[in-house]
Amino acid sequence: MGEATAREIHEFTHVPRPKIYATLERMSKKKYIEVIEGTPAYFRSIDPEQLTERLRNEFLFSLNETLKELNSAGYG
């Protein structure tokens with residue numbers, strides 16, 4: 001969609017608006033999207049390569065933390 005308002009995202013996805021706002025807030029905190037302040041605010045995804053790299057790093061970090069926990073619990 002490029003840039004879109006929460007309302008436009010709601011209309012495109014048919015996801016309830018309260019869920020859209022909560023999801024956009026979480027995605028913004030994780031820096032998966034950019035927020036263009038204004039009335040209304042617009043939202044856009046970061047570059048797909050950056051997003052993929054960020055998700056990959058988060059996944060690998062999570063796997064490493066799980067492995068550490070399993071090893072400390074005697075499963076290694």
Item to check | Distance in Å, His10 NE2 paired with Arg17 CZ, rounded so as to fall on 0.5 Å steps | outcome: 6.0 Å
Checklist entry - Going from CZ on Phe61 to CZ on Arg56, what distance comes out if it is rounded to the nearest 0.5 angstrom? => result 14.5 Å
Next on the checklist: If hydrophobic clusters are built from ILVMFWY residues whose side chains come within less than 4.5 Å, do Tyr32 and Val35 share one?
Outcome noted: yes
Next on the checklist: Count I, L, V, M, F, W, Y as connected when their side-chain heavy atoms are under 4.5 Å apart, and connections chain through other members. Are Tyr42 and Leu51 then in the same cluster?
Outcome noted: no
Item to check | Carboxylate-amine/guanidinium contact Lys29 Glu25, below 4.0 Å | outcome: yes
Next on the checklist: Using 0.5 Å steps for rounding, measure from the CD1 atom of Ile46 to the CD1 atom of Ile33.
Outcome noted: 10.0 Å
Next on the checklist: Can you confirm whether more than 12 heavy atoms, excluding those of Arg7, are under 6.0 Å from its CZ atom?
Outcome noted: no
Checklist entry - Could you give the distance from CD (Glu8) to CD1 (Ile20), rounded to the nearest 0.5 Å? => result 11.5 Å
Checklist entry - Taking all atoms of both residues into account, what is the closest heavy-atom pair of Thr5 and Phe43, and its distance? => result C-CD1, 4.3 Å
Checklist entry - Are Val15 and Met27 connected in the hydrophobic side-chain network, where two residues link if heavy atoms are under 4.5 Å apart? => result yes
Item to check | Polar side-chain atom of Ser62 near backbone of Glu58 as donor-acceptor pair, under 3.5 Å | outcome: no
Next on the checklist: Tell me the closest heavy-atom pair linking Arg54 and Lys30, and the distance in Å.
Outcome noted: CD-O, 3.5 Å
Checklist entry - When you look at CD of Glu49, are more than 12 heavy atoms from neighbouring residues, nucleotides or ligands closer to it than 6.0 Å? => result no
Checklist entry - Is it true that a side-chain atom of Thr23 and a backbone atom of Lys19 form a donor plus acceptor pair closer than 3.5 Å? => result yes
